[in-house]
Each structure stands twice: as C-alpha cells, then as structure tokens.
Number of protein chains: 2
Amino acid sequence: MKFDDKIPIYYQIKNYLYHEMMTGALKPGDKLPAVRQLAVDLTVNVNTVQRALGEMITEGILESQRGKGNFVTMNEQRITRLKEQLVMEQLERVYEQLHALNLTDEQIITSLKQYIAQRGQRDDQRVSD
Amino acid sequence: MKFDDKIPIYYQIKNYLYHEMMTGALKPGDKLPAVRQLAVDLTVNVNTVQRALGEMITEGILESQRGKGNFVTMNEQRITRLKEQLVMEQLERVYEQLHALNLTDEQIITSLKQYIAQRGQRDDQRVSD
DNA sequence: CCTAGTGTTCTATTTAACTATTACACTATA
DNA sequence: TATAGTGTAATAGTTAAATAGAACACTAGG
C-alpha cells in the first residue's frame, strides 16, 4: 500500500479501514485479518497496525478478542455515525480550504460541479461504462 | 499560530503563505516579513520557516534577494496557476474521499450544498451580516 | 497437554521533523 | 567603514513515528 508521507501511517491505516467499512468490504461482526497479516499486506510493522487498531478499539468501532481476532462492532449505529462524521469532516475541510482561497459559496459549489463533470468525461473516455 | 500535528509544520506554513497570496494579503512584488520575524510570528524556528520558503522559491512563487528579503513573484500568471492548482487539489481530494465513502456524484454535490446551507444558517445566528 | 493462530506488550534502534544556536554572506545607510 | 537588517547554512540536540525483534497471554483443536 502506498502512503502519503505527510501523514502518519497509523492514521492512514485507520482511514483505510474506515473506508473498508463504509463500502461494505468489512461488515458489522466481520473478523479483520490477523494483525501480522495486515502488517504484511500493508507493508508496515505490526506495532504500527496495532496503534491504528488500538485507537479504533478505543473509539468503539472495533472490538478485540484476545486469541481470536479483531472484529467490526455489531453496533450498526456506531458505524452510521462514523460515516456521517467522516463525510462531515471532508466537507468542512474542503469548504474552509476553498473559502480561504477566496472562493464564494457559489463558486465552491460550481467548481465542484465542473470538476465532477470534467472527471465524468475523462472516465467516459477510458471505459464506456 | 496553531498547527495540526498530523502535518509537517513547514508544509502548513507554505499553505498559510499561499492563502495570504490568494486573498491578496500578499500581492505580487510584496516583501515578506523577515524570516526571523516570521519565525517569531508563527512561533517556530527560523530553519522551519526557511524550509517552507526554500520550497516556494524553488517553485518560483517567491524570489529571494540576499540581504534584502523575500518577495512575492511579479509573474502574476504563476500565481493564477498556483490558485487553480490549489483549488483542483482540494476538489480532487474531497471527491476521492467521499467517493471512497460510497457516495455517488449526485450525493457528493447534494451533501456539499446542504453543508453550506446549514453553515449559512449557523453563521446567520451569530452575525446578521 | 501440545501446537498453531491470535492479540498484546516491551525494548532497542532508526529516521524525519523540529528546535537551538551560531556563523557566514550580502545590502543599505549613517 | 561600521552597523543594522536581511537571507543562508551548518552543527548539535530533542522528539514522535516507525521499525525490528522478542516475549507474553489467550483460544481452539488435535
């Protein structure tokens, strides 16, 4: 896995696992790969994986069972709330950044629409999906 | 100045200066505060400031004159391109992140609109501007 | 009971970022 | 020419993140 060296790896691992949960690749109750296996898959050290998982366990998103494995919480509300929170964080950040670049609310929305439209064109050229 | 400890300070300083240029607080040809003064203002070390400025000089956004100071480039096209690039980076990032959270193109635009609308309400309560 | 698979913890080491301090190079000006 | 203000560079020390390696604790199944 490729990492952005501007951001701590354990932090990027958390985001990776969040996304796996949001897209349904990891569902409530699912068992995660073993920490040693995750470390191999992500080409990082076990301790780095453990740090990421440790925080997610503290947050109540994951549940650890010693000797068995790490599991996604069965509490679906927690996952729903997490998704809302992650979306909100992204919106806040992009809004503040673009606002700081002196774009108006209108310009922010317009530029996003344009970006998506252009991206659509670009993707259409690759696959006529 | 407050920094996000997830991101290198020199990197955040670059962004800060970018924003100063985008909002017109720093115009083409303007002289920046002395590196030592910037270090005091931002409560960081001179070397950290220097690292940020050094990269911006390499990028051609700033021009350094030994003994005189650091200046914003007179080449306005470079600044225009920089702004376009910064906006595009933000759009790309938020799009990819929200897409990874399984939102459709439509949902991405809608959620941003909603966010801005809600934010507008919130701001209206504070100041009837 | 033994073993394989799992999570957990610890120590030591390396590396990048940041800091602290000092020195050097150049410019303007009194 | 002396001095103050500026950028530049080098050295040394600190800290957080990441790595490497080992040991410990628990579970399941033969």
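dT14(D) atom C1' lies 13 Å from atom CD1 of I9(B), rounded to whole Å. Straight-line distance from the CZ atom of F71(A) to the P atom of dT27(D): 12 Å, rounded to whole Å. Taking atom CG of N70(B) as the reference point, atom P of dG5(D) lies 17 Å away to the nearest angstrom. One interatomic measurement links the two molecules: CD of Q37(B) to C1' of dG7(D), which rounds to 15 Å at whole-angstrom precision. Taking atom CD1 on I7(B) and atom C1' on dA17(C), their separation rounds to 14 Å, with Å as the unit. Residue D4(B) contributes atom CG, which lies 12 Å from atom P of dC18(C) at whole-angstrom precision. With rounding to whole Å, K6(B) atom NZ is found 8 Å from dA17(D) atom P. The interatomic distance linking L62(A) (CG) with dT6(C) (C1') rounds to 15 Å, in whole Å.
For I57(A) and D5(A), each mapped to the nucleotide of DNA chain C holding its nearest heavy atom, the one lying further toward the 5' end belongs to I57(A). Mapping Q65(A) and Q65(B) onto DNA chain C by nearest heavy atom places Q65(A) at the nucleotide closer to the 5' end. Judged by closest nucleotide on DNA chain D, R66(B) is the one of Y11(A) and R66(B) placed further toward the 5' end.
On a pure distance criterion of 3.5 Å, no polar donor-acceptor pair joins the side chain of R36(B) and the base of dG5(D).
Of the residues in residues 44-53 of chain B, those lying under 4.0 Å from DNA chain C by heavy-atom distance are V44(B), N45(B), N47(B), T48(B), R51(B).
Between the side chains of N47(B) and Y10(B), not a single donor N or O lies within less than 3.5 Å of an accepting N or O. No side-chain donor-acceptor contact under 3.5 Å links Q118(B) and Q114(B).
Just one residue in the list I79(A), L62(A), I57(A) forms a side chain to side chain contact (heavy atoms under 4.5 Å, CB included) with T73(A), and that residue is I79(A).
Side chain of Q12(A) to backbone of D4(A): a donor-acceptor contact under 3.5 angstrom is found.
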Side chain to side chain contact (heavy atoms under 4.5 Å, CB included) for H99(A) and E96(A)? Distances and angles first, verdict last. CA-CA 5 Å; H99(A) 206 67; E96(A) 280 168 14; 5.5 Å; no
Step by step, would you call N70(B) with K31(B) a side chain to side chain contact (heavy atoms under 4.5 Å, CB included)? CA-CA 6 Å; N70(B) 290 302; K31(B) 180 175 177 298; over 6 Å; no
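The hydrophobic cluster containing V40(A), built from Ile/Leu/Val/Met/Phe/Trp/Tyr side-chain heavy atoms closer than 4.5 Å, comprises no other residue.
Between K68(A) and the phosphate of dA28(D), there is a side-chain N or O to OP1/OP2 separation shorter than 4.0 Å.
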